[in-house]
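Take a look at the structure below.
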2 protein chains.
Amino acid sequence: MARSEHRSGGTLPVTPPTLADVAERAGVSRQTVSNAVNNPDLLRPDTLERVRQTIAELGYSPNRAARNLRTRTSSLIGLRFAPAQEGTANAAMDRFVHSLVEASEEVGYHVLLFPGDDEDPIGGYDNLLRSTAVDAFVVTDTYLGNPQAAWLSQQRAPFVAFGRPWDDDGARHVWVDVDGAAGIALATQHLIDRGHTRIAWIGWRKDSPIGEDRRSGWVRTMHANGLSTTGLASRVEDVVHSGAEAAAVLLDESAPTAFVCASDTLAMGVLHTLWIRQLAPGKDIAVVGFDDSQVAQVYPVGLTSVRQPLEDVAVEIVRTLRALLSHQPVETRGVLLEPTLAIRDSS
Amino acid sequence: MARSEHRSGGTLPVTPPTLADVAERAGVSRQTVSNAVNNPDLLRPDTLERVRQTIAELGYSPNRAARNLRTRTSSLIGLRFAPAQEGTANAAMDRFVHSLVEASEEVGYHVLLFPGDDEDPIGGYDNLLRSTAVDAFVVTDTYLGNPQAAWLSQQRAPFVAFGRPWDDDGARHVWVDVDGAAGIALATQHLIDRGHTRIAWIGWRKDSPIGEDRRSGWVRTMHANGLSTTGLASRVEDVVHSGAEAAAVLLDESAPTAFVCASDTLAMGVLHTLWIRQLAPGKDIAVVGFDDSQVAQVYPVGLTSVRQPLEDVAVEIVRTLRALLSHQPVETRGVLLEPTLAIRDSS
DNA sequence: CACCTTGATTGGATCGATCTAGGGCGATCG
DNA sequence: CGATCGCCCTAGATCGATCCAATCAAGGTG
C-alpha cells in the first residue's frame, strides 16, 4: 500500500501522514506509535525516541476524527454564545470566553460555540449531544429559570454551570460562581473606609436573585458597621437612564454621599446625574459599579468596580469538567469564588 | 448483534442509536438511511417517509466523528479568540464572534475557538490543521504584518481573512473588510451637514494602515467640501489619555468645533477634556467615535460612532468559506462593506 | 424477446485511530 | 533446566458513517 510521499517541514501534504505511515517508517507496529503518543511509559526508551523522531520528521499529528470515533470523545466543550446586550455595559462574556478557551487548551480541550435560540433553548444542546459532537457543556445562564440545567441533568449530559441554581433547590448539578454579595461588601467597606456613612444602593428588581444577593452584601456591611440603610435603596431596570433617575431621586430624598450599584450600566446612570448636577465623581460623590467592564475602564474619571475573577472561574470549571469526564467523584457540588475591587477615581 | 433498547423521547440512551439501528428497524440498508439524511432525492417517497419516521422514533442523529472520519471534513471553523484589550473600548470581537456563530450555524458549521499565543502565532493553526480538526479558519488580525495569512496560504489551508492584507500586495487570499474610510467620511459629512467647518481628526500613529485609511476618509470629505485640514489632525496611541491630550492641544491651537476619532477609546479621551473644560458634548463641541462599542452606547450623553456591519461581514465570510470549501471558483478576492453611523447626542 | 437505460437499493470496503488478546523474549525462580 | 512472569511489541477487530461498485426491478426500443 504505497502512500504519497510527505515533504518534511514544507507545505502540508495533500493527505497528512497517518499512524500507519509513521509505523512503517519507524519499523514498528501501529499500536506502538499510538502508545508513543498516548502511553509513552509503555515503550522502551530507545523505541520511544525512534518513534518520536519519525513523528517529528513526518510532522504527524493524530487525526481527530478517527480518534474521536474510536474513543467516543471529542475533546470539545460546548458553549452557547450570547453577545453582550446592546445598550448595557455587561462585558463579562468576552473575558470569560477567553479565559475558558485558555484554560481548556491547557488540558487539551477546545471550545465549540453554538448560537442560542430563546424560543428553543435546548435545541442547540440537543443536537450537539445526540451527534456526540461535544464531551460536555458549560452553561452560563442558569439564573433565569432556564430549563437547560435541568434538561441536561436529565439527559445525564456532563456539564458545569457558571452560576448558582438560584431558583431550584433540588438541582443536583455542579456549578462555579462568583460571590457577588462579597464583592458588594468589599465595595461598601471600601467606601466606609473612605469615611462615607450614607451609602446608597441602586440594584435590580426584586425578582433577580443575583441582584438580591448583591444587595445583601451592601445591607450586611452597612449593618455590620452600625450604619442605616433605610431610604437608601432603589431597585430598577438595568438600563442607564433608570440608574440616572434612581440617583436623582435618592440624592433629593436621602442625600447619600456614595452609590454602590449592581452593574456598571447603572453606575453610568449615576455618573450622568452627577454630571448634570455638576457634582464631581470621586470628590463630591463616590460611585462604584460591578463587572469592571470596558466602560468602567475607559470612562474618563475611571469607575471603581467589582471585578469578577473570570480567569479563576474558567480554571475551576475546566478542573471540574475533567473530574466529571473521568468519572472521578466530584467532591463539592458548588464552588464560590471571591471577586476583587478595581479601585479608580470615582471613589 | 443485539443493541440496547432505546427509549424514545426520554433520557438519552447510554449509547445513541446508529445508522445500522435505524436501517434494521426500518427494514432497509444502511446506505439507504444515509441517503435519506444526505440525499433524500435518491429515495422513493414512501421509503423516505418510512426511514424518516424511524429516525424520528429513535431520535437518531449521525455520529459526527464517524462522518468526519469518512468525509474528511469536520464542519468546524477555527477562530483564534483574543479578548478585548483591557483599558480600551474596542469591543468588535464580541459582536463579530456572535455574528459568525449565527452565520455558521445557518449552513451547518460550528465555530471552534482556540487561544492565541503571541510568541508562536501559527502554533494553534498548525495543530488544528495537522489533526484535521477544522475545515477552515477565519483570520481576524491581518493588519499587524502577522505571518498567519501567508503561512496559511502556503499550507493551502482554506481561510478567509476579516481585514485587508494591508502590507502585502502579493497576498493572494480572500478577505472581507469594512471600509473604514467610508465610515469616517460618513461621520465627517454628518458633522459638516450640522454646520461644522473646523473638524479635527484624532487618529492612530502613522504606522497603522487602518488608522491611515480611516484618516483618508476625513481628509477626502473635508476637501470635497472645500474645507481645510491643516493644523486639525493629531496622531497618537490608542489610549484614553492620549486622546484627551490631543484634544486639549487641538482646542488650544486650532479651535475646532468637532472631533472625529479613529476609535471610541480616543473619543472618550476627547469627552474627558471637554468635561474638564466645562464644554458640553454635542452642544459646544461635537464628537464622533468609531466601533459603536458599549462605551459609546452607555456613555451618558451618548457617543455618535461609526458602526461596522459585523453581521454582514460574518455572513459574507461564511458565504466565501463555503465557496472555498466546495472548490467553487471564488469570483472576488476581496469584499468591502459599508459601515453605518450610530448617531447620538454627542454630535 | 433480447438488449439497454434508468431508478432504487444493497453489501463490502474504507477513513485512521484505539482496544483487545496474544506472541516473543529475556530474566527469575523452584 | 523447564516453567513462569513481566516487559515490549504486534495483528486483527472495531468505532459509525460514507464511498463505491454492483444488483435488482421496471420500463423503453428495435
Side-chain angles (χ1 to χ4, degrees), chain A residues 1 3-4 6 13-52 54-55 58-75 108 130-133 135, chain B residues 1 3-4 6 13-52 54-55 58-75 108 130-133 135:
Chain A
M1 190 195 299
R3 286 186 54 86
S4 59
H6 302 300
V14 183
T15 71
T18 71
L19 197 85
D21 296 328
V22 177
E24 191 185 359
R25 177 144 171 178
V28 294
S29 71
R30 300 190 319 272
Q31 186 57 41
T32 299
V33 179
S34 176
N35 284 336
V37 174
N38 301 305
N39 301 84
D41 297 346
L42 294 180
L43 300 202
R44 220 168 40 205
D46 59 329
T47 312
L48 179 58
E49 178 52 34
R50 185 156 43 98
V51 174
R52 281 197 166 146
T54 310
I55 288 177
L58 294 182
Y60 166 76
S61 186
N63 180 300
R64 289 258 181 188
R67 170 179 280 180
N68 294 351
L69 174 59
R70 186 66 247 229
T71 62
R72 297 166 169 285
T73 61
S74 64
S75 298
R130 289 199 126 78
S131 55
T132 55
D135 290 346
Chain B
M1 191 195 296
R3 287 185 54 87
S4 58
H6 304 299
V14 183
T15 70
T18 71
L19 196 88
D21 295 330
V22 177
E24 191 185 358
R25 178 144 168 177
V28 296
S29 71
R30 301 189 321 272
Q31 186 59 44
T32 299
V33 179
S34 177
N35 285 337
V37 175
N38 301 305
N39 300 84
D41 297 345
L42 295 180
L43 299 203
R44 220 170 40 202
D46 61 327
T47 312
L48 178 59
E49 179 52 34
R50 186 156 42 98
V51 174
R52 281 198 167 146
T54 311
I55 288 177
L58 294 182
Y60 166 76
S61 187
N63 180 300
R64 288 259 181 185
R67 171 179 279 179
N68 295 352
L69 174 58
R70 187 64 248 232
T71 62
R72 297 166 170 283
T73 60
S74 64
S75 297
R130 290 200 125 78
S131 55
T132 55
D135 290 346

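Worth saying up front: this structure is predicted, and the values here are computed from it rather than measured. Labels below follow one simple rule: chain letters A, B, ... track the order of the sequence lines, proteins then strands, and each chain is numbered from 1.
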Q: Step by step, work out the side-chain contact (heavy atoms from CB on, under 4.5 Å) result for R67(B) and N38(B).
A: CA-CA 11 Å; R67(B) 171 179 279 179; N38(B) 301 305; 3.2 Å; yes
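Where Y60(A) and D41(B) each meet DNA chain C at their nearest nucleotide, the meeting point lying more 5' is that of D41(B). For the pair V37(A) and R30(B), nearest-nucleotide mapping onto DNA chain C gives the more 5' position to R30(B).
Here dA17(D) is the nucleotide among dA17(D), dA17(C), dT10(C) with the atom lying nearest to any side-chain atom of P62(B). When each of dG16(D), dA17(C), dG11(C) is scored by its nearest atom to the side-chain atoms of L19(A), the top-ranked nucleotide is dA17(C).
Distances shown here put every side-chain N or O of T18(A) at or beyond 4.0 Å from the OP1 or OP2 atom of dC15(C). When the side-chain nitrogen and oxygen atoms of S34(B) are compared with OP1 and OP2 of dT18(D), one or more of them lie within a distance under 4.0 Å. Between R67(A) and the phosphate of dT18(C), there is a side-chain N or O to OP1/OP2 separation shorter than 4.0 Å.
Remark: P of dC19(C) and CZ of R72(A) are 12 Å apart, rounded to the nearest angstrom. Across the protein-nucleic acid pair, N35(A) atom CG and dC8(D) atom P stand 11 Å apart, rounded to whole Å. Atom P of nucleotide dC8(D) and atom CG of L48(A) are separated by 11 Å, given to the nearest angstrom. Rounded to whole Å, the distance from CZ on R44(B) to P on dC24(D) is 17 Å. Taking atom CD of residue Q31(B) and atom P of nucleotide dG12(C), one finds them 14 Å apart after rounding to whole Å. Following rounding to the nearest Å, L69(B) (CG) and dA13(C) (P) show an atom-to-atom distance of 17 Å. Taking atom CG of residue L42(A) and atom C1' of nucleotide dT20(C), one finds them 14 Å apart after rounding to whole Å. N39(A) places its CG atom 14 Å from the C1' atom of dT20(C), with the value rounded to the nearest Å.
A donor N or O paired with an acceptor N or O is not found under 3.5 Å between the base of dG16(D) and the side-chain atoms of R70(A).
Counting any heavy atom pair closer than 4.0 Å across all strands shown, N38(B) reaches sugar-phosphate atoms only and no base atom. Using a 4.0 Å heavy-atom criterion, one finds that T32(B) contacts the bases of the nucleic acid, with or without backbone contacts as well.
Using a distance-only test at 3.5 Å, with no hydrogens or angles considered, a donor-acceptor pair links the side chain of R50(A) to the main chain of A26(A).
Between V28(A) and T54(A), the closest side-chain pair of non-hydrogen atoms is not below 4.5 Å. Side-chain contact between P17(B) and R25(B) is absent, with no heavy atoms from C-beta onward closer than 4.5 Å.
For the residue pair T73(B)/D135(B), the side-chain donor-acceptor check at 3.5 Å is not satisfied.
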